[in-house]
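To start, the structure under review is shown below, and the notes come after it.
Just so you know, ligand 1 is whichever comes first in the structure, and atom 1 is the first atom listed for that ligand. In this text, all values refer to a predicted model and were calculated from it rather than measured experimentally.
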Amino acid sequence: MEPTFTHNKMNRIKSISESVIREMTRKAEMYEAVNLSQGYPGYHTPKRLLAAAINALDNDHNQYSITWGLEELRVGISEKLDKFNRLDYDPEKEVTVTCGTSEALMSSILAHVDPGDEVLLFQPFYENYVPAVCIASGKPVFTGINSDMKIDKEEIKTKINRNTKAIVLNTPHNPTGKVFSYDELKFIRDLCVDNDILVITDEIYERIVFNGKHISLASLEGMREKTITIGGFSKTYSVTGWRVGYAAAPIELMDEIRKVHDYTTVCAPTPFQKALCEAFKVPAQYYKRMLEYYKGARDHLYSSLKSLGFEPFYPHGAYYIMADIDNFGMNDIDFANHLVKDIGVAVVPGTSFYDSGGDDLVRFCFSQPRDDLEEAVSRMKRLRTFSQ
Ligand code: GLN
């Protein structure tokens, strides 16, 4: 997608299409389809968080919090970053609570990408990244994740030039489920250090890793000062509607992010910030069980898709499966429309994750409650492959 280098902001916004993921959710409602498009976590929210939210509402935590987020929550995030991610950030100056990871990403890009700056995105990409770069008048540049789920180091080197301002990294990766390896992260580190490039790393799925290990890029030597680490609570605690995430970055980078955050949102929802202070007390068992739950869902959907005639990619993390639809003789849009209208299952067409390509792919989400997954699989038995 070529951004429009114009000072006419309306045209720039008009050139961005609406989110296909969220459009599919609306279609799912319209056709009463099982929604495997937008990632709705089906795993239960810890009871202590629900009780804490009710308490927060009852106990007058209903007005603005300070702009950067409740101090107690920032301290909790900073301790989590230390223990889980091996990152050292000062809660006072280097952590900001945002309205979900989406806002952390948008504020980071608006703060640091200037008109004409190039931003490297791994393709397929989560669909918010391109509009974020375009809204900042930056230029998205794409590099592929290969079908063997590896990055192409040689191709990446050819995409870097003196206009390259930043790389957006997402590990575990939406939509492929790729978990970036230490070797790949070291390669990205060397590239960024040699070429003075910033990395915005979206780690929202950090707790959903089935194979391999989650590594935060900022923990690699030389990357702390070049990385904005973003994450959130939505996926880990099944609270996507609470809209609470965070950005962590060294002061010089954070100062600018805070300005965008301040003037766009004022603050994240106070009662939910208060409730999420309890998140750090959730016992280790919770994370273990959640992982087992999603692993079971992955294995179930993966094998079901294979037997239904899809060619799915095996995800190592996050909660999505990309699947090749070649056997159904339709492009991704026609197939997704057929699936939602005639079969009653909503998925996301592959092209929404690509600048070019993806029309032979659709994305399934397996985070939904198990009954929904089973119902979707049973409905899809009515699908006919090309050869049938
Ligand atoms: N990240 C989720 C997905 O890819 C939800 C997207 C959204 O609408 N924020 O489905």
Is there a donor-acceptor pair closer than 3.5 Å between any side-chain N or O of Thr229 and the backbone N or O of Thr201?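 Here the side-chain-to-backbone pair does not exist.
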Any N or O of Ile21 that comes nearer than 3.5 Å to an N or O of ligand 1?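 In this structure, Ile21 places no N or O atom under 3.5 Å from an N or O of ligand 1.
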Distance from [atom] to nearest protein heavy atom, with residue and atom:
atom: atom 2 (C) of ligand 1; result: Tyr320 OH, 3.2 Å
atom: atom 6 (C) of ligand 1; result: Tyr126 OH, 3.1 Å
atom: atom 5 (C) of ligand 1; result: Gln38 CG, 3.9 Å

Is a donor from one side chain sitting under 3.5 angstrom from an acceptor on the other, for Thr25 and Asn35?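 Yes, because at least one side-chain N or O of Thr25 sits under 3.5 Å from a partner of the opposite role on Asn35.
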Please check if any side-chain donor atom of Glu203 sits under 3.5 Å from a side-chain acceptor atom of Ser216, or the reverse.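 Yes, because at least one side-chain N or O of Glu203 sits under 3.5 Å from a partner of the opposite role on Ser216.
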Is the closest heavy atom of Tyr205 to ligand 1 under 4.0 Å?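 For ligand 1, residue contact (heavy atoms, under 4.0 Å) with Tyr205 is present.
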Is Arg363 in contact with ligand 1, taking contact as a heavy-atom separation below 4.0 Å?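 It does; at least one heavy atom falls under 4.0 Å.
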Side chains of Phe125 and Val168: closer than 4.5 Å at any heavy-atom pair?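 No, side chains not in contact.
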Among all residues two or more places apart in sequence or in another chain, which pass the side chain to side chain contact (heavy atoms under 4.5 Å, CB included) test with Glu154?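 Side chain to side chain contact (heavy atoms under 4.5 Å, CB included) check on Glu154 returns Asp152, Lys157.
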Specify side chain, backbone, both or neither for Asn128, according to which of its non-hydrogen atoms lie closer than 4.0 Å to ligand 1.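 Neither; nothing of Asn128 gets under 4.0 Å from ligand 1.
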Below a 4.0 angstrom heavy-atom separation, can you tell me which part of Lys235, side chain or backbone, both or neither, approaches ligand 1?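 Within the 4.0 Å criterion, Lys235 contacts ligand 1 through side-chain atoms alone.
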Thr96 side, atom OG1; Asp255 side, atom CG - distance, nearest 0.5 Å: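 That separation rounds to 9.0 Å.
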Could you tabulate the donor-acceptor pairs under 3.5 Å formed by side-chain atoms of residues 241-249, not counting sequence neighbours?
unit_1	atom_1	unit_2	atom_2	d
Arg243	NH1	Thr240	O	2.9
Tyr246	OH	Lys80	NZ	2.8

If the cut-off is 4.0 Å to any non-hydrogen atom of Arg22, which atoms of ligand 1 fall inside it?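 With Arg22 as reference, the close atoms of ligand 1 come out as 6 (C), 7 (C), 8 (O), 9 (N).
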